[in-house]
Amino acid sequence: MGKVFVVANQKGGTGKSTIAQNVAAAFVDDDPELKVLLIDADSQNTSVRMSSIPKNPLPFAVISLAAAGEALGREIQRHAVNYDLTIVDCPPSIDNPNTESAVRAADCVLIPLDASPADAWSTLGMLKMIRRALPVSDQRHCVVVFNRTNVKTVAYREIRDAIAEFENFTILKSVIKQREVYKTCMGLGATVFDAKGVRNLKEARDEIRGVAEEVIKIISK
Ligand SMILES: Nc1ncnc2c1ncn2[C@@H]1O[C@H](COP(=O)(O)OP(=O)(O)OP(=O)(O)O)[C@@H](O)[C@H]1O
Ligand SMILES: [Mg+2]
């Protein structure tokens with residue numbers, strides 16, 4: 001079975017779908033032979049909707065398992081045997097059984113947040129849920145990734161320090177900046193790796209590649 005990456009946080013709008021879609025594309029961009037599956041576990045269907053827009057198919061498969069509930073973990077594993085990498089885009093809630101079910105099936109959990117108090121509070125709740133749900137050895141593969149973030153701000157430093165106090169969890173060095181290109185690409189049904197002629201594609205590709213490379217290193221340890 002291939003590796004399973006779950007993108008989750010309890011707060012809405014932290015960039016879960018954006019990161020799930022673009023990291024899926026980064027893996028295929030790095031190795032076009034890889035078979036990658038994106039599972040949409042959120043009934044908002046953001047990733048499924050995005051995948052239905054483009055005329056040219058995305059370089060990875062997309063399915064919805066939003067209705068799976070507590071069976072989601074089993075369903076993820078059933079599908080993941082047919083792929084090298086499976087990415088799961090979770091709903092914005094830790095009360096939704098899909099989130100915990102996906103987290104339990106994960107080789108790596110990516111937790112996006114921006115450098116704001118509201119995102120920080122939600123992330124602390126998410127980390128507590130992971131502490132309850134996973135053994136310590138698996139918590140080492142849970143990573144926090146700052147999205148829409150300017151690293152020169154005091155808020156970033158303070159929130160980073162607060163999260164660093166949680167043992168076992170890694171904060172990625174790669175940071176994703178606020179860039180219109182992510183919104184534009186989603187609206188085109190594309191990722192930053194397959195879109196053309198949009199401003200800041202190179203910068204966005206570099207930062208998403210950074211995230212993909214770091215998570216691969218972390219789960220290979
Ligand atoms: N780095 C970024 N720069 C600019 N816009 C971004 C960035 N990341 C995400 N967005 C935009 O923010 C909005 C929310 O992002 P996204 O849908 O990925 O979040 P989400 O966590 O999946 O939301 P939900 O909790 O509703 O599922 C979208 O319009 C997306 O295009
Ligand atoms: Mg989403």
Side-chain angles (χ1 to χ4, degrees), residues 5-26 38-54 58 60 62-68 72 87-103 106 109-116 118-123 125-127 129 143-153 155-156 159 171-195 198-212 214:
F5 296 86
V6 166
V7 190
N9 201 341
Q10 68 169 325
K11 185 169 177 298
T14 61
K16 295 176 290 297
S17 302
T18 302
I19 291 172
Q21 293 157 12
N22 284 287
V23 166
L38 174 58
I39 293 177
D40 195 336
D42 181 5
S43 58
Q44 293 182 94
N45 292 322
T46 310
S47 288
V48 166
R49 280 170 196 248
M50 175 272 195
S51 72
S52 68
I53 299 170
L58 288 164
F60 47 83
V62 184
I63 60 166
S64 172
L65 290 180
L72 181 63
I87 323 266
V88 185
D89 178 11
C90 282
S93 165
I94 51 174
D95 301 323
N96 183 322
N98 281 6
T99 302
E100 187 162 337
S101 197
V103 162
V109 183
L110 270 74
I111 306 157
L113 79 160
D114 75 28
S116 70
D119 275 27
W121 295 326
S122 298
T123 300
M126 180 75 207
L127 297 183
M129 184 274 255
V143 302
V144 172
V145 53
F146 278 89
N147 181 30
R148 282 200 286 241
T149 295
N150 176 355
V151 295
K152 291 184 182 143
T153 59
Y156 168 69
I159 290 168
I171 302 173
L172 294 193
K173 291 190 182 72
S174 304
V175 170
I176 302 169
K177 287 191 179 162
Q178 165 83 30
R179 299 183 191 281
E180 277 305 302
V181 62
Y182 291 109
K183 285 187 196 164
T184 308
C185 285
M186 203 192 282
L188 293 170
T191 71
V192 297
F193 293 91
D194 41 285
V198 186
R199 207 161 158 242
N200 292 131
L201 277 175
K202 181 189 177 311
E203 291 82 354
R205 283 175 192 160
D206 287 348
E207 60 197 12
I208 295 290
R209 252 187 223 117
V211 172
E214 278 193 75

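Just follow the structure's listing: the first ligand is 1, and inside any ligand the first atom is 1.
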Minimum heavy-atom separation for [X] and [Y], please, with both atom names.
| X | Y | value |
| --- | --- | --- |
| Val62 | Ser47 | CG1-O, 3.9 Å |
| Ile208 | Asn22 | CG2-O, 3.4 Å |
| Arg209 | Asp206 | NH1-OD1, 3.2 Å |
| Ala41 | Asn98 | O-ND2, 2.9 Å |
| Ala115 | Ala155 | O-CB, 3.6 Å |
| Cys90 | Lys16 | O-CE, 3.6 Å |

* Partner residues of Glu207 under the side chain to side chain donor-acceptor pair (under 3.5 Å) criterion, sequence neighbours left out ->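 Testing Glu207 for side chain to side chain donor-acceptor pair (under 3.5 Å), a comparison that skips the adjacent residues, returns Arg179, Tyr182.
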
* Please list all pairs passing the salt bridge (Lys or Arg N to Asp or Glu O under 4.0 Å) test where one or both residues lie in residues 89-98, with sequence neighbours left out. =>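 Applying salt bridge (Lys or Arg N to Asp or Glu O under 4.0 Å) to every pair that reaches into residues 89-98, excluding sequence neighbours, yields nothing.
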
* Of Ser122, Ser93, Pro91, which meets side chain to side chain contact (heavy atoms under 4.5 Å, CB included) against Gln10? ->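 Testing each of Ser122, Ser93, Pro91 against Gln10, the sole residue satisfying side chain to side chain contact (heavy atoms under 4.5 Å, CB included) is Ser122.
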
Between ligand 1 and the protein, find all N/O pairs closer than 3.5 Å and give the distance for each.
unit_1, atom_1, unit_2, atom_2, d
ligand 1, 1 (N), Asn147, OD1, 2.8
ligand 1, 1 (N), Lys177, O, 2.9
ligand 1, 3 (N), Arg179, N, 2.9
ligand 1, 3 (N), Arg179, O, 3.2
ligand 1, 8 (N), Asn147, ND2, 3.0
ligand 1, 10 (N), Arg148, NH1, 3.3
ligand 1, 12 (O), Arg148, NH1, 2.7
ligand 1, 18 (O), Ser17, N, 3.4
ligand 1, 18 (O), Thr18, N, 2.8
ligand 1, 18 (O), Thr18, OG1, 2.5
ligand 1, 19 (O), Gly15, N, 3.1
ligand 1, 21 (O), Gly13, N, 3.4
ligand 1, 21 (O), Thr14, N, 3.0
ligand 1, 21 (O), Gly15, N, 3.0
ligand 1, 21 (O), Lys16, N, 2.9
ligand 1, 21 (O), Lys16, NZ, 2.7
ligand 1, 22 (O), Lys16, N, 3.4
ligand 1, 22 (O), Ser17, N, 2.8
ligand 1, 22 (O), Ser17, OG, 2.9
ligand 1, 23 (O), Gly13, N, 3.0
ligand 1, 25 (O), Gly13, N, 2.9
ligand 1, 25 (O), Lys16, NZ, 2.8
ligand 1, 26 (O), Gln44, NE2, 3.0
ligand 1, 27 (O), Asp42, OD2, 3.4
ligand 1, 27 (O), Gln44, NE2, 3.3

* Asked: Counting no waters, what protein N/O/S atoms lie under 2.8 Å from the Mg ion (ligand 2)?
  ->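 N, O, S partners closer than 2.8 Å: Ser17 OG.
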
